[in-house]
2 protein chains.
Amino acid sequence: MITLNDKTYTCPVDVTLGFIGGKWKLLILSHLHWQQQRSYTQLRENLPGISEKMLSQQLKELERDLLVTKSVISRKPYRVHYSLSEEGKSLSPLYEFMSGWGVQYLKEHGIDYVQDQHLYK
Amino acid sequence: MITLNDKTYTCPVDVTLGFIGGKWKLLILSHLHWQQQRSYTQLRENLPGISEKMLSQQLKELERDLLVTKSVISRKPYRVHYSLSEEGKSLSPLYEFMSGWGVQYLKEHGIDYVQDQHLYK
DNA sequence: GCAATAACTTACCAAAAAGTAGGGAACAAT
DNA sequence: ATTGTTCCCTACTTTTTGGTAAGTTATTGC
């Protein structure tokens with residue numbers, strides 16, 4: 001058993017899972033991987049079905065875990081953008097592989113998927 | 001949106017997640033990746049904390065999704081073993097990467113992890 | 001001044017995932 | 001005959017996760 005931040009993990013895969021587990025984290029991360037940096041609103045619009053609560057909660061956790069960086073790009077009209085940190089970028093092979101595997105799966109099962117059809121703006 | 005088996009997915013990453021999401025699936029798959037094939041009991045002993053319910057439930061889903069193959073190796077004393085199917089093996093880069101990333105993370109944070117310390121038999 | 005927009009937060013509720021505890025068939029070993 | 005082992009299944013409960021809806025602050029544009 002591995003202990004880290006008061007939680008126990010069974011193996012290194014489990015440790016990694018601790019950072020990216022759950023319904024939304026990998027989707028947010030991979031979205032940032034393809035789109036570089038996005039505002040809160042852009043993220044919400046491009047993650048169909050996510051609620052504001054989930055988005056801010058997950059972003060907060062990703063920030064805490066240093067996978068995502070939040071930059072305040074303007075103070076007077078308060079505007080931010082989110083992007084992958086170096087740590088977040090170190091998971092890039094994962095985003096690439098999981099996307100590729102998904103695309104391949106869809107192809108092999110005759111479901112047509114147009115690149116970026118999930119981007120709404 | 002992508003529709004597949006009555007569920008909807010937001011992007012290819014989400015599709016992949018549909019197969020390996022949850023607390024146990026990646027742990028089971030990566031265990032099978034490193035150990036080739038295991039009996040039900042061996043799996044249970046090497047996935048600390050898993051309940052029998054979870055193990056059989058997840059194995060069943062992995063079988064249904066064709067990521068894992070169950071072979072009856074003996075009928076008279078009923079013995080089986082589980083192993084990765086070709087489809088399951090096609091996810092190998094994932095097991096390798098996630099394990100490597102976890103090990104690296106632990107190393108960088110001064111937590112010592114001995115290779116295979118999670119194997120109990 | 002008033003509606004609109006960005007970037008959130010909060011309280012509350014529902015659903016899904018996981019855990020607990022037990023049972024049970026089939027054989028093997030003593 | 002009794003105990004142990006493998007390989008599960010089922011009902012029930014708890015925990016975790018996620019969803020809904022509303023509210024908040026600040027600012028821009030008309």
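The chains referred to below are lettered A, B, ... by the order of the sequence lines, with proteins before strands, and numbering in each begins at 1.
Of the residues in residues 60-73 of chain B, B/Lys60, B/Lys70 come within less than 4.0 Å of DNA chain D through at least one heavy atom, sorted by number.
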Item checked: Derivation of the side chain to side chain contact (heavy atoms under 4.5 Å, CB included) call for A/Leu32 and A/Leu43 -> CA-CA 8 Å; A/Leu32 288 172; A/Leu43 281 169; 4.0 Å; yes
Notebook entry, point to check: Checking side chain to side chain donor-acceptor pair (under 3.5 Å) for the pair A/His81/A/Gln42: CA distance, chi angles, key distance, verdict?
Noted result: CA-CA 9 Å; A/His81 70 215; A/Gln42 285 175 317; over 6 Å; no
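Look at CZ on B/Arg44: it is 8 Å from C1' on D/dT6, rounded to the nearest Å. With rounding to whole Å, B/His81 atom NE2 is found 11 Å from D/dC7 atom P. In this entry the distance linking CG of A/Leu47 with C1' of D/dG19 reads 16 Å, nearest Å. A straight line from CG of B/Leu55 to C1' of C/dT20 spans 16 Å, rounded to a whole angstrom.
In the hydrophobic clustering of this structure, B/Leu17 groups with A/Ile111; members are Ile, Leu, Val, Met, Phe, Trp, Tyr whose side-chain heavy atoms approach within less than 4.5 Å, directly or through other members.
When the side-chain nitrogen and oxygen atoms of A/Tyr82 are compared with OP1 and OP2 of C/dC8, one or more of them lie within a distance under 4.0 Å. Between B/Ser39 and the phosphate of D/dC7, there is a side-chain N or O to OP1/OP2 separation shorter than 4.0 Å.
For the pair A/Thr16 (side chain) and B/Gly102 (backbone), a donor-acceptor distance under 3.5 Å is present. The closest donor-acceptor contact from the side chain of A/Ser85 to the backbone of A/Leu66 lies under 3.5 Å. Distance alone, capped at 3.5 Å, is enough to place a donor-acceptor pair between the B/Ser30 side chain and the B/Leu26 backbone. At least one donor-acceptor pair under 3.5 Å links the side chain of A/Ser92 to the backbone N or O of A/Lys89.
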Notebook entry, point to check: Can you give one letter per nucleotide of nucleotides 14-19 of chain C, 5' to 3': B if a protein heavy atom sits under 4.0 Å from the base, S if only from the sugar-phosphate, - if neither?
Noted result: ----BB
Next item on the list: Report, as a single string ordered 5' to 3', how protein heavy atoms within less than 4.0 Å touch nucleotides 22-29 of chain C: B base, S sugar-phosphate only, - not at all.
Entry: -----S--
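Residue-level contact check: A/Ser56 touches the bases, meaning some heavy atom is under 4.0 Å from a base atom.
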What pairs of donor and acceptor atoms, side-chain ones from residues 48-59 of chain A against any protein atom, are under 3.5 angstrom apart with sequence neighbours left out?
| unit_1 | atom_1 | unit_2 | atom_2 | d |
| --- | --- | --- | --- | --- |
| A/Ser51 | OG | A/Met54 | N | 3.2 |
| A/Glu52 | OE2 | A/Arg44 | NH1 | 2.2 |
| A/Ser56 | OG | A/Glu52 | O | 3.2 |
| A/Ser56 | OG | A/Lys53 | O | 3.4 |

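The ring pair (Phe, Tyr, Trp, His ring centres under 6.0 Å) check on B/Phe19 picks up A/Trp101, A/Tyr105, with sequence neighbours excluded. The salt bridge (charged side-chain N to carboxylate O under 4.0 Å, His left out) test applied to B/Glu61 returns B/Lys25, not counting sequence neighbours.
Residue-environment remark: CZ (A/Arg64) exceeds the threshold of 12 foreign heavy atoms within 6.0 Å.
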